[in-house]
Q: 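Quick one: the structure is below, and I'll ask about it shortly.
Atoms within each ligand, like the ligands themselves, are counted from 1 in listed order.
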Amino acid sequence: MIEVRELRGVGVGTGVVVGPVLHVSRQTAAAPTDARSALGADAELARAREALASVSAQLRERAAGADEATRDVLEAQALMTDDPELIASVERHLGSGVTAEKAVADAFGEFAALLADAGEYFAERAADLHDLSDRAVAALQGRSTELVVDPGHPYVLVARDLAPADTAVLDLDRVLAFVTSEGGPTSHTAILARQRGIVAIVGAVGVEGLPDGTQVIVDAERGRVWVDPDAAELADAEARIAARQAAADAPAGPGALADGTPVKLLANVGKPGEAAEAVRLGAEGVGLFRTEFLFLDRLTTAPSVADQQESYREVLAAFPGKRVVVRLLDAGADKPLAFLSPGEEENPALGQRGLRALRASASVLADQLTALAGAQAQTEAELWVMAPMVATVEETAFITRAIHDAGIRTAGVMVEIPSVALIADRVLSRTDFASIGTNDLTQYTMAADRQLGSVAALQDPWHPAVLRLVKEVGAAGAALGKPVGVCGEAAADPLLAVVLTGLGVTSLSMSPTALADVRVSLARHTLDDARAIAEAALAADEAADAREAARAAADTITAGR
Ligand code: PEP
Ligand code: MG
């Protein structure tokens with residue numbers, strides 16, 4: 001037997017753990033063999049209905065006790081199980097005289113095959129359907145599908161992939177890491193790992209061959225599983241774990257590169273209640289306060305100036321003396337708001353959205369600015385206000401004047417549309433700062449809808465075309481002495497954060513749970529290192545190559561010390 005020493009997969013986050021492997025797999029339902037029914041189609045249909053109803057009820061029961069994200073997935077799965085199309089397909093299959101087991105498996109199989117053909121994201125949702133099929137067949141066979149895992153000690157959980165219904169019943173406190181042989185960065189395992197801060201590697205082909213109890217190092221940062229590590233490898237892993245722990249425990253000072261170059265680490269906040277958690281996790285301020293939440297449940301009218309002012313005051317009050325960047329209402333496309341709706345549009349992402357929608361509703365803009373200025377007067381925070389989806393110099397000049405005229409000193413624009421990145425020098429000469437929204441900037445650069453799973457592979461901010469645009473904005477900011485931040489998801493990727501800094505970005509804003517990892521990653525590199533790593537990424541042809549090139553450049557630099 002060939003001894004496996006190292007397995008590769010896609011790491012989630014940057015953690016490292018050491019522990020023993022434990023396989024958790026539900027016994028998957030054996031493909032129904034004796035498929036001819038002795039009962040007749042009507043009786044089989046009744047059995048199928050009963051089995052699907054019991055799976056659906058079980059999913060809903062688990063959803064009730066699960067965290068919010070898992071609950072959403074479980075409820076969606078229950079809906080799939082209840083889908084009349086599914087029962088119609090089961091009925092069709094029963095027409096050929098097979099058992100309910102066979103008809104249910106075939107019906108789910110058909111739906112899964114459709115999804116599997118529809119691109120990477122949907123292929124991963126197909127895994128959810130296989131799980132539902134297994135559960136329904138097991139229910140028909142009177143078998144349990146429970147994962148019963150309690151080894152009595154912490155363990156590295158190994159599985160083919162984890163279904164939401166599995167993770168809802170696992171005691172995650174015992175789980176040191178997830179390593180799955182299937183699944184990609186958008187699989188449920190990866191999503192859960194990110195949310196819960198669990199070290200994970202997905203798509204680690206070959207991991208299913210490791211016997212239970214095998215000692216492994218799971219290194220998410222490098223996407224590697226080291227099998228039966230020797231003393232030196234263990235010592236290296238333990239040192240990295242200790243360094244991460246020390247960094248997490250240390251009072252979070254201001255974000256900086258290894259040579260002391262400051263890089264402000266800010267929080268993305270979606271509701272006033274999130275400010276306290278951002279402070280606890282060491283945010284130096286807020287880099288993006290999305291104000292849509294106030295408007296989302298409004299059908300015909302905007303919230304009053306007084307209501308808005310109170311919400312803004314609450315966030316500003318959590319950051320006395322610190323920067324709080326508030327984004328003006330960003331309505332449209334992925335954030336539709338009924339009362340600001342421009343009516344039917346063929347392409348809402350290219351329509352009357354963001355600043356365009358605000359300009360069309362002058363009173364909504366005026367009220368929001370009045371409320372923000374009022375909140376500024378009540379608190380000690382340093383209020384910066386920026387506009388979303390700005391496309392031109394004229395729009396930049398318009399909104400900068402409007403923000404200043406409202407009595408707010410610092411005005412800026414988001415760079416989310418390639419046009420403003422390409423003329424960033426002219427845009428920044430008309431305003432006080434820029435904040436790059438890499439989510440939309442990637443969407444518009446790659447012409448890939450950020451909500452569409454089938455083009456998710458193109459929605460990657462590592463693409464060198466996106467990085468070039470960031471470089472353009474960074475260079476303009478440096479030349480004009482104006483701050484340039486990033487507040488899209490890209491800022492939360494510890495290695496990409498280094499690249500962005502190398503491209504001239506001076507602050508990074510992210511979900512507060514990402515702050516610690518980004519802080520550690522920045523502290524490992526000087527500005528010269530970051531520039532060299534950024535150059536390596538820019539020289540690549542594809543997003544994946546850029547990521548690899550940056551990783552290789554960073555490893556070479558660190559090894560040379
Ligand atoms: C972005 O587009 O990167 C951004 C930060 O804004 P949102 O995700 O809210 O569109
Ligand atoms: Mg955006």
Q: I'd like to know if the side chain of D529 and the backbone of A554 have a donor-acceptor N/O pair within less than 3.5 Å.
A: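 No, D529 side chain to A554 backbone: no donor-acceptor pair under 3.5 Å.
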Q: Who's the nearest protein heavy-atom neighbour of atom 6 (O) of ligand 1, and how far?
A: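 Ranking protein heavy atoms by distance from atom 6 (O) of ligand 1, first comes R327 NH1, 3.0 Å.
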Q: Side chain, backbone, both or neither: which part of E489 has a heavy atom under 4.0 Å from ligand 1?
A: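 Contact part for E489 vs ligand 1: neither.
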Q: Would you mind running through ligand 1 and noting each atom that sits below 4.0 Å from a heavy atom of L288?
A: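 It comes down to these atoms of ligand 1: 5 (C).
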Q: Could you establish whether E292 and ligand 1 come within less than 4.0 Å of each other, counting only heavy atoms on the residue side?
A: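 For ligand 1, residue contact (heavy atoms, under 4.0 Å) with E292 is absent.
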Q: Run the numbers for me: atoms of ligand 1, each under 4.0 Å from some heavy atom of G488, listed by number.
A: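 It comes down to these atoms of ligand 1: 3 (O), 5 (C).
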Q: Identify whether the distance between the nearest side-chain nitrogen and carboxylate oxygen of R327 and E292 falls below 4.0 Å.
A: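 Judged by the 4.0 Å cut-off on N to carboxylate O distance, R327 and E292 do form a salt bridge.
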Q: Is the backbone of A258 close enough, under 3.5 Å, to the side chain of T526 for a donor and an acceptor to pair up by distance?
A: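 Side chain of T526 to backbone of A258: no pair is present.
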Q: Among protein heavy atoms, which sits nearest to atom 9 (O) of ligand 1, and what does the distance come to when rounded to 0.1 Å?
A: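 Here the nearest protein heavy atom works out to R290 NE, 2.7 Å.
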Q: What angle, to the nearest 10°, do the atoms OE2 (E416) and OD2 (D440) form about the Mg ion (ligand 2)?
A: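 With the Mg ion (ligand 2) as the vertex, the angle is close to 100°.
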Q: Identify, by atom number and element, the atoms of ligand 1 in contact range of D440, meaning under 4.0 Å from any of its heavy atoms.
A: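 Going through ligand 1 atom by atom, the ones under 4.0 Å from D440 are 1 (C), 2 (O), 3 (O), 10 (O).
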Q: Is the side chain of R323 donor-acceptor paired with the backbone N or O of L266 at a distance under 3.5 Å, no angle test?
A: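 No; zero donor-acceptor contacts below 3.5 Å.
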Q: For E394, run the salt bridge (Lys or Arg N to Asp or Glu O under 4.0 Å) check against R359, R426, R430 and tell me which one passes.
A: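 Only one option passes, and that is R359.
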Q: What protein heavy atom sits nearest atom 10 (O) of ligand 1, and how far away is it?
A: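 Protein heavy atom at minimum distance: K335 NZ, 2.7 Å.
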Q: I'd like to know if the side chain of E284 reaches the main chain of L265, judged simply by a donor and an acceptor atom lying under 3.5 Å from each other, with no hydrogens or angles considered.
A: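 At least one qualifying donor-acceptor pair exists.
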Q: Which atoms of ligand 1 are found less than 4.0 Å from any heavy atom of C487?
A: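 It comes down to these atoms of ligand 1: 5 (C).
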Q: Would you say the side-chain atoms of T189 pair up with the backbone N or O of L162, donor to acceptor, closer than 3.5 Å?
A: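 Pair found, side chain donor or acceptor close to backbone of L162.
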